[in-house]
Engineer: 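I have a structure I would like to understand better, so I am pasting it below and will then ask my questions one at a time.
Order of the sequence lines fixes the chain letters, A, B, ..., with proteins taken first and strands second; residue numbering starts at 1 for each chain.
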Amino acid sequence: MAHISAHFDRYKYLTSLKLCISSFTTIAIHQNFTPKTFQETCPNNNQQPKPIPNPKPSLKSSISKSQEQQNLISLIKSSTQKPHLLQIHAHLIRTSLLQNPIFSLQFLSCLCFSAFRDLRYSRNFFYQIKNPSASHYNTLIRAYTSSNAPKEAFFLYKEMRQKGLKPDPISFSFVIKSCMKFRLLFCGLQVHGRILRDGFQSDCLLLTTLMDFYSSFSSREEACKVFDEMTQKDTVAWNVLISCYLRNGRTRDVLMLFDTMKNEGVCEPDDVTCLLVVQACANLGALEFGEKVHHYIEECGYGSALNLSHSLIAMYSRCGCLDKAYDVFKGIREKNVVSWSAMISGLAMNGYGRDAILAFEEMQRMGIAPDEQTFTGVLSACSHCGLVDEGMEFLDRMSKDFGIAPNIHHYGCVVDLLGRAGLLDQAYHIIISMGVKPDATTWRTLLGACRIHGHFSLGERVIEHLIELKAQEAGDYVLLLNIYSSTGNWEKVTELRKLMKEKGIQTTPGCSTIELKGVVHEFIVDDISHPRKYEIYDKLGEINKQLKIAGYVAEITSELHDLGVEDKAHALSYHSEKLALAFGVLATPPGKTIRVTKNLRICVDCHNFAKFLSGVYNREVIIRDRTRFHHFRNGRCSCNNYW
DNA sequence: GTAGGGTTAG
């Protein structure tokens, strides 16, 4: 016994051992395991089990059989070391308990999900079970689903069916998850069909998984169809629907769905609903709606949830409302690395680069170690504020002092930083030599810088790289067109336009949104769909007149067409952001900040337009475009945008 | 008797 105690003491099993004085204590005595690989260690079921010597009769008689088995299960459950499990395995074989569904399932579950999980071992063990049940399959399928073995879960599901075992909703749930994780659309479709044939169409949880599956494949319509067909829809089902709309770019509908849930009392929104809706508000720049959700969060008592606080910081920051972001940040009792990174990024995107760096230093004084995303925030702070030297120093220090190797996002910030500062060759050199394969975004960032500085030869080179990556988008060609037109290179403009036409490249329409009393209004160029279109166009005409008096001249290089000056100015007049701004002036009281969100980059002319508008109409104007904030006050742009 | 399912932070 002394030997056994010593053995188990090492693995902290003394307590369990005391409970299990029965037959299986002999494992340690009669098996001498020195585990190497599974092949060597996994006991063979076909071998004749050695007889287990009877334990001390006095002890055995004092413990009932069920108690013994209970103890064995407890021991399996509490195994924290692999050698110990191997001993139990040998014992299960010798006692033939391996063929007992309770023990084999418990043991399999332990192999699959304990700290020392070993899928190869699990699988070999699984095939030692003569008649595995659906539960056994489920356990292994679940294990494969959460691993990185792509199709194994699906194959097991197939095998299970071939053996005549009926998958239950749990099996289906895991298989769908595995199809989602490993991008097996057609396998998932097959499983969906089977779910319907097997009659599980009223299982709310299973259908929710299916919705998420379709959502992950951008099949919003299919996900909605599943939702509509659900007999009972709970909050999670609604949340998955909302997350589907959010993922697939139908952000405005997310706000509508939240209102439906709340007002029609169909399902009470929970913390996850709030999280998703706050993200939607952040995307849209819908400050008022975001504030409404914030109140709801406080009312429901979710205020102390960290993830919600972090999303709120991001939302307020992305709405250009840094004070409120900071209030939320201050209110977090135990700030972690995510809290700090969110605040740093918020400061950065709003042009408070120096403060972002101060926050980074403060965070370290508080003993919080930065992570990859913290550095993304810090580097973007440098890029937003033109802090070239500081940015390069951070890039150098992050690996030296913090052991974090720069990733593609970090290099992206640095390329942006150098590019905006006009150090285009240096930016190009960084991309070529950075040791991480540049992605389309990296090149696109440089292309944006070429646009700012009118550097068309480098722009052409960048497009070549994008074509090489097979990642060129309409927006890239538009940037190159912008470069040509801004430098008056009309021949190239015509040539490129012809090429785009030949390739059938369709440009993404510019779209601007503005929120009014919690309702998000959307505009595209020359938009005539708004119910107040006549007033809006009248107001835009009036604004144009006023701005011209103040010295605003249309920046015609923004327009791509090789038109006459008059025509160019006209073509620029109805850009989506101008329509949104005019609507803002029209529909909000004097002095109120106008916030506009745009899906693409704002053009130079619209930038000037907003700048003049902020002075003439005495309005603070905040435009968030695809890359950054443009903050206008008293006829000036406070951000360092190199315009 | 055993085990197992859905959404979610910067």
Side-chain angles (χ1 to χ4, degrees), chain A residues 65-67 69-70 72-74 76-77 97 100-110 112-113 133-143 145-146 167-178 180 200 203-213 215-216 223 226-227 230 233-244 246-247 267 269-279 282 302 305-315 317-318 325 328-329 332 335-349 363 370-378 380 409:
Chain A
K65 195 177 176 191
S66 65
Q67 178 67 52
Q69 297 189 341
Q70 204 56 51
L72 180 52
I73 286 184
S74 313
I76 294 174
K77 276 185 180 171
L97 283 174
N100 175 320
I102 302 169
F103 292 115
S104 55
L105 186 59
Q106 189 70 68
F107 190 75
L108 181 65
S109 176
C110 195
C112 289
F113 300 108
S133 66
S135 299
H136 289 100
Y137 270 100
N138 286 355
T139 305
L140 202 55
I141 289 175
R142 179 178 158 225
T145 304
S146 56
D168 61 12
I170 310 276
S171 333
F172 285 126
S173 202
F174 292 135
V175 176
I176 291 288
K177 277 220 136 189
S178 120
M180 183 158 54
F200 295 123
D203 188 316
C204 175
L205 270 71
L206 182 53
L207 294 194
T208 309
T209 312
L210 263 174
M211 280 174 67
D212 201 37
F213 166 78
S215 161
S216 76
V226 176
F227 181 78
M230 283 170 85
K233 303 169 173 83
D234 63 4
T235 300
V236 182
W238 277 87
N239 289 348
V240 175
L241 184 74
I242 288 178
S243 114
C244 175
L246 186 62
R247 250 192 221 175
C267 242
D270 66 2
D271 52 338
V272 178
T273 323
C274 294
L275 193 73
L276 296 166
V277 180
V278 167
Q279 286 173 9
Y302 302 141
L306 266 186
N307 54 356
L308 278 173
S309 300
H310 298 152
S311 292
L312 285 169
I313 294 174
M315 184 271 290
S317 304
R318 294 190 67 189
V328 177
F329 176 76
I332 301 175
K335 300 175 183 63
N336 65 14
V337 61
V338 184
S339 327
W340 282 96
S341 306
M343 197 62 239
I344 289 170
S345 300
L347 287 162
M349 73 176 74
M363 164 188 179
D371 67 6
E372 287 194 347
Q373 293 200 55
T374 320
F375 277 103
T376 308
V378 171
S380 92
H409 302 293

Engineer: At the 4.0 Å heavy-atom cut-off to chain A, mark where contacts on DNA chain B begin and end, going 5' to 3'.
Structural biologist: dG1(B) to dG10(B)
Engineer: With no hydrogens and no angle check, do the side chains of Asp371(A) and Thr374(A) hold a donor and an acceptor under 3.5 Å apart?
Structural biologist: yes
Engineer: Considering every strand and a 4.0 Å limit on heavy-atom distances, what is the contact class for Asn138(A): base, sugar-phosphate, or nothing?
Structural biologist: base
Engineer: Counting the atoms with a prime plus P, OP1 and OP2 as sugar-phosphate, which does Cys204(A) contact under 4.0 Å by heavy atoms, base, sugar-phosphate, or nothing?
Structural biologist: base
Engineer: Just call it for Thr209(A): base, sugar-phosphate, or nothing, with non-hydrogen atoms closer than 4.0 Å on any strand.
Structural biologist: sugar-phosphate
Engineer: Give Ser345(A) one of three labels, base, sugar-phosphate or nothing, depending on what nucleic acid heavy atoms sit under 4.0 Å from its own.
Structural biologist: nothing
Engineer: Students often get this wrong, so: under 4.0 angstrom with heavy atoms, is Leu205(A) touching a base, only sugar-phosphate, or nothing?
Structural biologist: base
Engineer: Heavy atoms under 4.0 Å, any strand shown: does Thr374(A) hit a base, just sugar-phosphate, or nothing?
Structural biologist: base
Engineer: Assign Lys77(A) to base, sugar-phosphate, or nothing according to its heavy-atom contacts below 4.0 angstrom with the strands shown.
Structural biologist: sugar-phosphate
Engineer: Can you check whether Ile313(A)'s main-chain N or O pairs, donor with acceptor, with Ser317(A)'s side chain at less than 3.5 Å?
Structural biologist: yes
Engineer: Enter the distance from Leu140(A):CG to Ser135(A):OG here, rounded to the nearest 0.5 Å.
Structural biologist: 12.5 Å
Engineer: Identify whether any heavy atom of Ala305(A) sits under 4.0 Å from a base atom; if not, whether one sits that close to sugar-phosphate; answer base, sugar-phosphate or nothing.
Structural biologist: nothing
Engineer: The criterion is ring pair (Phe, Tyr, Trp, His ring centres under 6.0 Å); which residues satisfy it with Tyr302(A), sequence neighbours excluded?
Structural biologist: none
Engineer: Without hydrogens or angle criteria, can the side chains of Thr139(A) and His136(A) be said to hold a donor-acceptor pair below 3.5 Å?
Structural biologist: no
Engineer: Between Ser216(A) and Arg247(A), does the side chain to side chain contact (heavy atoms under 4.5 Å, CB included) criterion hold? Intermediate values first, please.
Structural biologist: CA-CA 8 Å; Ser216(A) 76; Arg247(A) 250 192 221 175; 3.1 Å; yes
Engineer: Select base, sugar-phosphate, or nothing to describe what Gln373(A) touches, counting heavy atoms under 4.0 Å on all strands.
Structural biologist: base
Engineer: Name the nucleic acid region contacted by Asp271(A), choosing base, sugar-phosphate or nothing; use a 4.0 angstrom heavy-atom cut-off, strictly under.
Structural biologist: nothing
Engineer: For Val236(A), report the nucleic acid contact type (base, sugar-phosphate, nothing); a contact means any heavy atom under 4.0 Å.
Structural biologist: base
Engineer: For Val278(A), report the nucleic acid contact type (base, sugar-phosphate, nothing); a contact means any heavy atom under 4.0 Å.
Structural biologist: nothing
Engineer: Please round to the nearest 0.5 Å and tell me the distance separating atom CD1 of Ile170(A) and atom CD1 of Ile141(A).
Structural biologist: 11.5 Å
